[in-house]
Protein chains: 2
Amino acid sequence: MNQIEAPRPRFAQIADILRDRIRRGVHAPGSPLPSEPELSREFDVSRVTINRAVGVLRSEGLVQVRRGRGAFVRSVPVITRVATRRHGARDAGRGAYDVELRRLGLDPSWTASVERVPASEQTAELLNVEVGCELVVRRRRYFANELPVQIADTYLSSELAEKAGVTEENTGPGGTYSRLADVGRGPVHFTEDVTCRGATSGEARFLEIEPNQPVFEILFVASDKENRPVAVTRHVMPGHQWRLRYDWTDEPEGQTE
Amino acid sequence: MNQIEAPRPRFAQIADILRDRIRRGVHAPGSPLPSEPELSREFDVSRVTINRAVGVLRSEGLVQVRRGRGAFVRSVPVITRVATRRHGARDAGRGAYDVELRRLGLDPSWTASVERVPASEQTAELLNVEVGCELVVRRRRYFANELPVQIADTYLSSELAEKAGVTEENTGPGGTYSRLADVGRGPVHFTEDVTCRGATSGEARFLEIEPNQPVFEILFVASDKENRPVAVTRHVMPGHQWRLRYDWTDEPEGQTE
DNA sequence: TCTTATTTGTTCGTATGTATT
DNA sequence: GAATACATACGAACAAATAAG
């Protein structure tokens, strides 16, 4: 067994060089890389090899390529989503998003809309309802400086949504969870499943990333005090631009259950 | 603007077909795909196009390609790492790993070793020590059915490690945290930062995945009751084969601070 | 050990298609 | 319409890892 590093493929070496140039600011955020024919001449390789090298940077989220225009360096602020346990669930919500983005000097914004859809198999199981039964879904889209950074869709059974009065875009002070609490179904138990997968083409289009570029998917289930699920939220966000933070304090031994 | 879906590239269509065949069991886990020349003839495309299609499946973690041998279908059980807040930090540790793997019908195993290393910039900052000062690192490697699934390295200052007596591989009942508690430095506050990034070549080699295939990196900081950091653990695991679960229960309003 | 066949990895030159300016 | 830029694809060639003899 030989510990000497095998010679790296040209496309990988060129990707390294370009990555380093971006890191050092030779190509500033928002500015284009030299065109493929130019890079092809500079490194004395075929344009196909340059295309593959740039493909590496694309899949890392470092550049955004637009056909007919060029490859542009992204500015990728890493946004931290803090889920502090002892302060309750809403800390990971909209208010915290605002604070975090302003801390980074970015302008937070979002859109919201409400629809009715039949329950998918997965959502039906999580909400403990029949497949195909009617759900109310609140779709939110988050932006940082006009750039899309997160998809968040919350599903509730139509029945519960109507009882709690959250079938309109404006859910009033405290949001959906406060309205649920008003009718005695306030969520108390929370489960959050985090996975990492390639973006679907629809997600990629909205988030302006490559299909198959890694995204975080968070499935957030809120249940009431009788442990009945009341709402499911699916978050999808580009993997390279988020950090998920969880913090908590252990109870002293005696108080644990 | 034209809403008609552009025709998909051939390599992507072929990747879809192969992915579907794997899903349907046409190619069972552990068995090889047909060779590239064979697929090239079947789909009547060049071998370069097949190579690119298989590359898509590689980056998804669906197949493992070994040069000179072929492309083998992976068996990819999704392992859930549960971090239940109310039961304390150790629920995400080794015992929980054992239980989860047996639940999946897999055989859990791990290795452990202890080293001394100088503090890197990042670790030094998290542990609040000087860069380059001596640390004790406990390296653990987790396997499922002999397949590597996780890297976990825990760093402590040498001083503290010696006081607590955790400079050997065997740390005794309850593990490192119990020994820290014995000397009055038991961790109480926990912070966990989850990010998603491409595997480094070293990680890829150990985890038997592609370089740049997405991995979860978890930075876990444990602090004592005076909020002094006592240990930092870095976990690295293949993104496609883990699910991170967090669950908790909200305290009633009155008890929140 | 050496040889040969098989299999994947990379690269080139060339060509064609699509999106933008 | 023309020029520019990126996307995909092919055939050919060679390199590197593996397996069989």
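Naming convention: chains lettered A, B, ... in sequence-line order (proteins, then strands); numbering from 1 in each chain.
Residues passing the side chain to side chain contact (heavy atoms under 4.5 Å, CB included) test with E115(B) are V117(B), V137(B), R139(B), sequence neighbours excluded. Judged as a salt bridge (Lys or Arg N to Asp or Glu O under 4.0 Å), and not counting sequence neighbours, E208(B) has no contacts. The salt bridge (Lys or Arg N to Asp or Glu O under 4.0 Å) test applied to E217(B) returns R197(B), R234(B), not counting sequence neighbours. With sequence neighbours left out, the side chain to side chain contact (heavy atoms under 4.5 Å, CB included) criterion links P9(B) to F11(B), A12(B). In terms of the salt bridge (Lys or Arg N to Asp or Glu O under 4.0 Å) criterion, residue partners of E42(B) (sequence neighbours excluded) are, by chain and number, R21(B). Every side chain to side chain donor-acceptor pair (under 3.5 Å) that H240(B) has, sequence neighbours left out, goes to Q213(B). The salt bridge (Lys or Arg N to Asp or Glu O under 4.0 Å) search around R10(B) returns none, not counting sequence neighbours.
Taking atom CZ on F43(A) and atom P on dC12(C), their separation rounds to 13 Å, with Å as the unit. If you measure from atom CZ of R41(B) to atom P of dG11(D), you get 13 Å, rounded to the nearest angstrom. A straight line from CD of E38(B) to C1' of dT8(C) spans 13 Å, rounded to a whole angstrom. Rounded to a whole Å, the CZ atom of F72(A) is 17 Å from the P atom of dT4(D). In this entry the distance linking CD of Q13(B) with P of dA7(D) reads 18 Å, nearest Å. One atom, CZ of R10(A), and another, P of dA15(D), lie 12 Å apart when rounded to the nearest Å. E210(B) places its CD atom 12 Å from the C1' atom of dG9(C), with the value rounded to the nearest Å. Per the geometry, CG belonging to D44(A) stands 11 Å off C1' belonging to dC12(C), to the nearest Å.
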Donor-acceptor pairs under 3.5 Å, side chain of residues 62-73 of chain A to any protein atom, not counting sequence neighbours: which ones?
none

Could you pull out every donor-acceptor pair under 3.5 Å between side chains of residues 48-59 of chain A and any protein atom, sequence neighbours left out?
residue, atom, partner, partner atom, Å
T49(A), OG1, S46(A), OG, 3.4
N51(A), ND2, E36(A), OE2, 3.0
R58(A), NE, E210(A), OE1, 3.1
R58(A), NE, E210(A), OE2, 3.1
R58(A), NH2, E210(A), OE1, 2.5
R58(A), NH2, E210(A), OE2, 3.2
S59(A), OG, V56(A), O, 2.9

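Residues R205(B) and P211(B) are not in side-chain contact: their nearest non-hydrogen atoms beyond the backbone lie 4.5 Å or more apart.
Contacts between residues 45-57 of chain B and DNA chain D, defined by a heavy-atom separation under 4.0 Å, are made by V45(B), S46(B), R47(B), V48(B), T49(B), R52(B).
Listed for the N145(A) side chain is a donor-acceptor partner under 3.5 Å among the backbone atoms of D107(A).
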Expected rows: protein N/O vs nucleotides 18-21 of chain D N/O, under 3.5 Å:
residue, atom, partner, partner atom, Å
dA19(D), OP1, R69(B), NE, 3.0

List, with names and distances, any nitrogen or oxygen atoms from the protein found under 3.5 Å away from nitrogen or oxygen atoms belonging to nucleotides 3-5 of chain C.
none

